[in-house]
Structure formats: C-alpha cells, structure tokens
**Student:** 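Sharing a structure with you now.
A note on names: the letters A, B, ... follow the listed sequences, proteins ahead of strands, and every chain is numbered from 1. Everything numeric in this text was worked out from a predicted model, so none of it was measured.
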Protein chains: 2
Amino acid sequence: MEHVNQRKSTTTVKRQTGGRRGTSMAGAVSERRDHLVKLAAELFARKGFQATTVRQIAEEAGILSGSLYHHFDSKEAIVDEVLRTFLEDLIARYRAALHSDGDPRAVLSEMVRIGFGTLELHRAAITVMQNDWSYLRSLPDNRFDYLVKAEDEVERMWIEQIKRGQAVGQVRGDVDPKLTYRMIRDTIWVAVRWFRPGGRLNTAGLAEHYVKVLFDGLATGDRTSQQA
Amino acid sequence: MEHVNQRKSTTTVKRQTGGRRGTSMAGAVSERRDHLVKLAAELFARKGFQATTVRQIAEEAGILSGSLYHHFDSKEAIVDEVLRTFLEDLIARYRAALHSDGDPRAVLSEMVRIGFGTLELHRAAITVMQNDWSYLRSLPDNRFDYLVKAEDEVERMWIEQIKRGQAVGQVRGDVDPKLTYRMIRDTIWVAVRWFRPGGRLNTAGLAEHYVKVLFDGLATGDRTSQQA
DNA sequence: GTCTATAACGCGATAGAC
DNA sequence: GTCTATCGCGTTATAGAC
C-alpha cells in the first residue's frame, strides 16, 4: 500500500546540486527519498546494478526517470546510499557485540547471529554488495573507497575475537585466524543467494545450525572412526 | 517517441561460418577461438559480464569488435562457452570422486579438494558464475537453463554423500544435509573473491584447512569449556 | 516535485570489401 | 579472418515548463 507520495512538505530537504554527499551523516531524512532508495535496492539486487535502469527505478516509484534526478545526483548516488546505510548498521551491531563482555566463543557466536540477522534486514544491500562490489570498486572515481574501509574494520573485529579465543583455549590453535574469518564471513553473506524469508528456516535457525557446525564440526564425537 | 518494444529476436540462432560449437565436445577445436574465450572470461570476471564490452574483448585480442562476430554469434555465446566448459569439467571430477569407493568422509573430503582445485583452473569462470548468475538466468531466452540443471546435479551428489556419512556414523546426524551442502559449496566458491594464485596459501592448503575445520570444528577438544 | 523533450553517448550487431 | 563503416537502439543525465 505504499502508493502514497502526494505528501508534500516535510520541510523540503535540499539534498541536490552541490549538496553534501559522502558523509552519509545528514540530519533530516526524507521518507520519500528513503522509499526510493528501498525500491532501487530491490531492483539492484534482483537484476544487478548495471542492468537496472533509472527508468525502471522511476517506473517502480510511479514517476518518470527525469524526476529521479530531483532526489539524487546520479544512479551511483543511489546505490551509494544503499550500501552505506547497510554498512553503518552492520558495524554498529558488531561494536555492540564486542562491548558485551562475553567470552570469545560467545562473542563469535553472537557475531554469526548478527550476520545472519542482517540477511533479513538488509538482504537487498548484501546482494548488491556481493554481486556488484568489484564493478563499483572499478569505477574511476573514489566514491566507493569506503567499501574497503568498512571491510577492513569488520575483518579486524573478527580476527581479534578469533585470536582471543585461541588465547583462552576456546578456539583451536591450529587454524589460521584470517582464513577462518574469511570462511565465516563468506559463508554468511553468500547465503543471500538462496535465503528467502518465510522459507523452511528462518535466519535464527540458520545461525544456530552454522554455529553448531562451525564450532563442533561435521564429524561425530567418535574421533577414532575418522581417517583423513 | 515510440517505445514499441521490439525485442531482438532470440529465436533466430544462425550458425556460424566454420560450423561446430555448442556442445564443446570434441574434435577440431580452434585454438584461436579458445584463446578468445579465455581473454573474454578474464574480462568478464574482472569487470562483470555486462560491464565488459565486445570492443574491450576485441581490443584485448588485438582485433576490432566486428571481427569477433566471425567467431561467435553474440556476446552471450561467449560467456555461455566459458560457463559450460567449467561445469562440464567440474561435474566430471565429482563423478570420478564418487566412483572411488572411499567411505563418505573420504569422498566428501575429496569433493572439497576438487572444489578448491577448480579455483585455480577455472577462477574466471567461477567468478562470472557467481557474479552474473542471476542476470544470465533472468534473460528472456532459455540459453542458460543448463546452469540450474548442473547446479541440481552437483547438489544431488553432495547430499547423497552427506546422508551416506550420517548413515554410517561418520557425519553427525543432527545437521541438515541440504543446509550443510550449501554451507560447504558457498564457502568454497566464494573464495574466488579473495583467492589469488601465488599467495600465502595454495588451493591445496586452503582445502586442508577447510576440511579440518569442517569436520572437527573450531572448538578445542575440551567440550566442557564451551557454552552457548 | 513531476513531466516533456532531448542531448550526448556507448552499446551490440551487421554488411560487404579485402 | 579482419577491417571499414554504420545502423538502430537504450542509456544516463539535463533544461525548462508547469
């Protein structure tokens, strides 16, 4: 029922032409704008950033493509907002988990849950990030440099916890922390490819399944029956 | 302005001078052609299928874009050949592993090794498959239906081995076979994002690391120290 | 805030000479 | 097997009316 957009007013925030960009801070946020971003995100996720045209985005919103440029400087500015919003939320959640004072295994488990949790909330953004990351990074300008910066910060947080786990004996010492982090990260994010809300398993179930296998392994407790 | 939607007729597949193609089987394979496919695959992997232009492919080969159409019917025909070649090789390797008479854990370990092994041989194809899968599948024609067919066959092979493992007590019974398969598959393929030949670890080391964690878990043997 | 109209450009693909 | 030349179309983005 999101057809409403006749709502004029809301203190017209001038976000255009010469306006800010880059920081994503910004106070007064237009609901209309957010709605457009959300529509665009779904299209980007479904068809890919490049294959999605501004005409399609506009059509989805019930306006013409030219009108989109009243709200955004460019198509890239839209996907920029999609990704930036997601990454800010993700990192904030991770930070909260790190400040929870849990032991490393508890924190790592929580981080896994956070990851799967964002699958539901930010499915479109995660899909775009995965499918179009390398293209966006390959663009001539530096607009998307923050993607790498955010990735690095997340990596630092994970690896720190894995090493803490090894230090206190909760994580086996013979695994490579960086490699292990990548393994975990990839496994979580890539699930957006097939995960659909409302399916057989929700993200919480998914997370528990993964935590179980991740920590205790696929093998049965009987380690004698195992050969390489 | 007419927006009469006149689709390019995709039904008229005209064969190319020089005959043969399609099945990738066989005989007189043009080295020239294969070279072009390889160049294109690298570009597709680096920039994405859509962002790669036929002019770029031709330039890489030192010819002009028009000349490409002596070898291929279309840009799609090129990526088709990239993916088809990879999938045929992958499935052949899996089949060999299944016929090895090993116990389930040995077969599953071998399948993990095969997966990581193809990372080196088919890095570009795997990247394209991951990044452009949904776009190619969304095309109006049925050209890429075989992607799903191949995926299904691979899934069947994995799940069969996981269930066999559970039946003989080598794989714990409380994991979901399908979910576990997806977890493994995703973890392997997605490594193309960061794996670079000649790096700190080769694919064999990568595979062993993963087999270790996958079967025995991240946790230390001391299961009393584990909560949650 | 949206529409009309269009500029400016790059794309995949084709025809025919050589 | 490649080049020259080009067609037809879709694309992002802009300018100005309303």
**Student:** Which whole-number value in Å describes the distance from B:H35 NE2 to D:dT2 P?
**Tutor:**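 These atoms are roughly 11 Å apart.
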**Student:** Of all heavy-atom pairs between B:A150 and B:L87, which one has the smallest distance, and what is that distance?
**Tutor:**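 Shortest heavy-atom contact: CB-CD1, 3.9 Å.
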**Student:** What heavy-atom pair brings B:Y181 and B:I162 nearest, and what distance separates the two atoms?
**Tutor:**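 Shortest heavy-atom separation between B:Y181 and B:I162 comes out as N-CD1, 3.8 Å.
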**Student:** Within the structure shown, what part of the strands sits under 4.0 Å from B:I63 by heavy-atom distance: base, sugar-phosphate, or nothing?
**Tutor:**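 Counting heavy atoms under 4.0 Å across all strands, the contact made by B:I63 is with sugar-phosphate only.
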**Student:** Whole angstrom is fine here: how far is it from NE2 in B:H71 over to C1' in C:dG12?
**Tutor:**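 B:H71 atom NE2 is separated from C:dG12 atom C1' by 17 Å.
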**Student:** Write down the protein N/O and nucleotide N/O pairs, taken from nucleotides 16-18 of chain D, whose separation is under 3.5 Å; answer none if there are no such pairs.
**Tutor:**
none

**Student:** Heavy atoms only, 4.0 Å cut-off, all strands: where does B:R32 land among base, sugar-phosphate and nothing?
**Tutor:**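 Touches sugar-phosphate only.
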**Student:** Are any side-chain N or O atoms of B:S74 and backbone N or O atoms of B:A77, one a donor and one an acceptor, separated by less than 3.5 Å?
**Tutor:**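 Yes.
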**Student:** Per the salt bridge (charged side-chain N to carboxylate O under 4.0 Å, His left out) rule, which among A:R137, A:R185, A:R182, A:R156 passes with A:E151?
**Tutor:**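 Only one option passes, and that is A:R185.
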**Student:** Whole angstroms only, please: what is the CG-P distance between B:L64 and D:dC3?
**Tutor:**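 About 4 Å, once rounded to whole Å.
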**Student:** Is it the case that the base of C:dG10 and the side chain of B:R55 share a donor-acceptor contact (distance under 3.5 Å, atom types as modelled)?
**Tutor:**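 By the distance-only test, no, there is no pair.
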**Student:** Without decimals, in angstroms, what is the distance between A:K75 NZ and C:dC9 P?
**Tutor:**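 It is 19 Å, rounded to the nearest whole Å.
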**Student:** To the nearest Å, how far apart are B:H70 NE2 and C:dA15 C1'?
**Tutor:**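 B:H70 atom NE2 is separated from C:dA15 atom C1' by 15 Å.
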**Student:** Distance-only, no hydrogens or angles: does the A:E81 side chain make a donor-acceptor pair with backbone N or O of A:V37 under 3.5 Å?
**Tutor:**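 No, A:E81 side chain to A:V37 backbone: no donor-acceptor pair under 3.5 Å.
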**Student:** Can you see if the side chain of A:Y69 gets near the phosphate of D:dA13 - specifically, an N or O under 4.0 Å from OP1 or OP2?
**Tutor:**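 It does, given that an N or O in the side chain of A:Y69 lies less than 4.0 Å from OP1 or OP2 of D:dA13.
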**Student:** Looking at A:Y94 and A:G115, what are the two nearest heavy atoms and their distance?
**Tutor:**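 Minimum heavy-atom contact is OH-CA, 4.3 Å.
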**Student:** Starting at CZ of A:F49 and ending at C1' of D:dT12, how long is that distance when rounded to a whole Å?
**Tutor:**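 Atom CZ in A:F49 sits about 10 Å away from atom C1' in D:dT12.
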**Student:** Starting at atom CG of B:L68, determine the distance to atom P of C:dT14, rounded to an integer number of angstrom.
**Tutor:**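 That distance rounds to 13 Å.
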**Student:** Using distance alone, with no hydrogens and no angle criterion, decide if B:H209 and A:D176 have a side-chain donor and acceptor under 3.5 Å apart.
**Tutor:**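 Per modelled atom types, B:H209 and A:D176 side chains form no pair under 3.5 Å.
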**Student:** Output the rounded distance in Å from NZ (B:K47) to P (C:dG10).
**Tutor:**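 After rounding, the gap between these two atoms is 13 Å.
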**Student:** Tell me which nucleotide among C:dC11, C:dT2, D:dT2 gets nearest to the side chain of A:S67.
**Tutor:**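 Within the option list, the nearest is C:dT2.
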